[in-house]
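Quick notes on the structure that follows.
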Amino acid sequence: MIGRARGGSEGVGMTSRRTRERLVEAIAAQGVNDARVLDALREVPRHLFIDEALQSRAYDNTPLPIGHGQTISQPWVVARMSELLLEPGVPERVLEIGTGSGYQAAILAHLVPQVYTVERIGALVPQARQRLRQARLYNVHIRHGDGYQGWPEYSPYDGIILTAAPHSIPEPLLDQLAVGGRMVAPIGGAGYQELLVIDKTAEGIEQHRAAGVTFVPMVHGRG
């Protein structure tokens, strides 16, 4: 495991490790079989990444509101996107677009050496930083910015993952993806999108559909 320290977040009752294990078993039964991803789901305390009032539902396999019109993604979706990102090999540097609560970044922090994540809603940035510190994850770098522009200073990235859905793949993000790298992104209009896997080769872009999903829309600018 990468960038992790134990302790301080085990939870009790509905947020206990046993409850977390039941969620992992349900996700595995839905077809996620990468042991590294399943172990990360066991280790990351999802209840830290949502408001206290909803913590009894933290290990339900469902998205939950985090304020500002945003959600923490369904755990199966987080697991499947992470699994797809790792299929070609472990990327050294991953860019996430849409930090939200910080949960997807926390999962990635257990799987790859460095995570760079961009959040357009300023109020969510300090919350995500605090939650990642609580989870003792120190290899995640957060920026308040326009996700459509990515984070060019640290490019190229070996992997890019989008947790909000644009209508089409943003060109600046393709430019920041390394040759040999992979992007996992929901693409489409409100209500339903295609989860696409996009591989950048020396010859160009290859893509295939992985699933139908529903994400909040990706919005230009900062808020």
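Note that the numbering runs from 1 along the sequence shown for the chain.
Between the side chain of K200 and the backbone N or O of L174, at least one donor-acceptor pair lies under 3.5 Å. A donor-acceptor pair is defined here as one N or O able to donate and one able to accept, closer than 3.5 Å; such a pair exists between the side chain of D158 and the backbone of E92. In this structure, R182 contributes its side chain and L84 its backbone to a donor-acceptor pair below 3.5 Å. Formation of a donor-acceptor pair under 3.5 Å by the T163 side chain with backbone atoms of G98 is found in this model. Proximity of a side-chain donor or acceptor of R131 to a complementary backbone N or O of L48 within less than 3.5 Å is detected. When atom types are taken as modelled, the side chain of Q193 and the backbone of G189 share a donor-acceptor pair closer than 3.5 angstrom. One N or O on the side chain of N139 and one on the backbone of V112 form a donor-acceptor pair closer than 3.5 Å. E83 places a side-chain N or O within 3.5 Å of a backbone atom of N33 that can act as its donor or acceptor partner. A donor-acceptor pair is defined here as one N or O able to donate and one able to accept, closer than 3.5 Å; no such pair exists between the side chain of Q207 and the backbone of V197. Under the 3.5 Å distance criterion, the side-chain polar atoms of Y148 are left unmatched by any main-chain donor or acceptor of E171.
Annotation for P113 and P91: closest pair CD-O, 3.4 Å, computed over non-hydrogen atoms. Nearest heavy-atom pair, T201 versus V179, reported as atom, atom and distance to 0.1 Å: C-CG1, 3.8 Å. The heavy-atom pair separating L173 from G150 by the smallest distance is CD2-CA, 3.5 Å. Contact between A105 and E96 at its shortest, heavy atoms only, is CB-OE1, 3.4 Å. Closest of all the heavy-atom pairs between A40 and H110 is CB-CB, 3.8 Å. The shortest non-hydrogen separation linking G100 to A128 is O-CB, 3.9 Å.
Using a 30° and 60° split on the angle between ring planes, W151 and Y116 fall in the perpendicular class, above 60°.
Residue M81 is grouped with residue V24 when hydrophobic side chains (ILVMFWY) are merged at heavy-atom distances under 4.5 angstrom, including chains of intermediate members.
Counting heavy-atom neighbours within 6.0 Å of H68 NE2, excluding the residue itself, gives a total above 12.
For the side-chain contact (heavy atoms from CB on, under 4.5 Å) with L108, the lone residue among V94, L137, V78, V37 that qualifies is V94.
Seen from the ring of Y154, R93 does not count as a face-on cation partner, given the 6.0 Å and 45° thresholds.
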- Between I205 and D199, does a side chain to side chain contact (heavy atoms under 4.5 Å, CB included) hold up when you go through it step by step? CA-CA 6 Å; I205 299 298; D199 292 311; over 6 Å; no
- Checking salt bridge (Lys or Arg N to Asp or Glu O under 4.0 Å) for the pair D60/R20: CA distance, chi angles, key distance, verdict? CA-CA 9 Å; D60 293 349; R20 212 176 301 175; over 6 Å; no
- Residue pair L38, V32: steps toward the side chain to side chain contact (heavy atoms under 4.5 Å, CB included) verdict: CA-CA 8 Å; L38 295 175; V32 174; 4.0 Å; yes
- Step-by-step side chain to side chain donor-acceptor pair (under 3.5 Å) determination, S155 to Q176: CA-CA 5 Å; S155 66; Q176 291 170 42; 5.0 Å; no
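Of the charged side-chain nitrogens involved, at least one lies within less than 4.0 Å of a carboxylate oxygen, so that E153 and R143 count as a salt-bridged pair. At a threshold of 4.0 Å, the pair E21-R18 does not count as salt-bridged, since none of the basic side-chain nitrogens sits closer than that to a carboxylate oxygen.
Between D51 and P65 the shortest side-chain heavy-atom distance does not fall below 4.5 Å. Looking only at side-chain heavy atoms (C-beta outward), T71 and L64 stay at 4.5 Å or farther from each other.
Counted by atom type alone, S101 and Q70 present zero donor-acceptor pairs between their side chains at under 3.5 Å.
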Identify each donor-acceptor pair in which a side-chain atom of residues 208-223 lies under 3.5 Å from a protein atom, sequence neighbours left out, and give them as a table.
{"residue": "R209", "atom": "NE", "partner": "E194", "partner atom": "OE1", "Å": "2.1"}
{"residue": "R209", "atom": "NH2", "partner": "Y192", "partner atom": "OH", "Å": "3.2"}
{"residue": "T214", "atom": "OG1", "partner": "G191", "partner atom": "O", "Å": "3.2"}
{"residue": "R222", "atom": "NH1", "partner": "H144", "partner atom": "O", "Å": "3.3"}

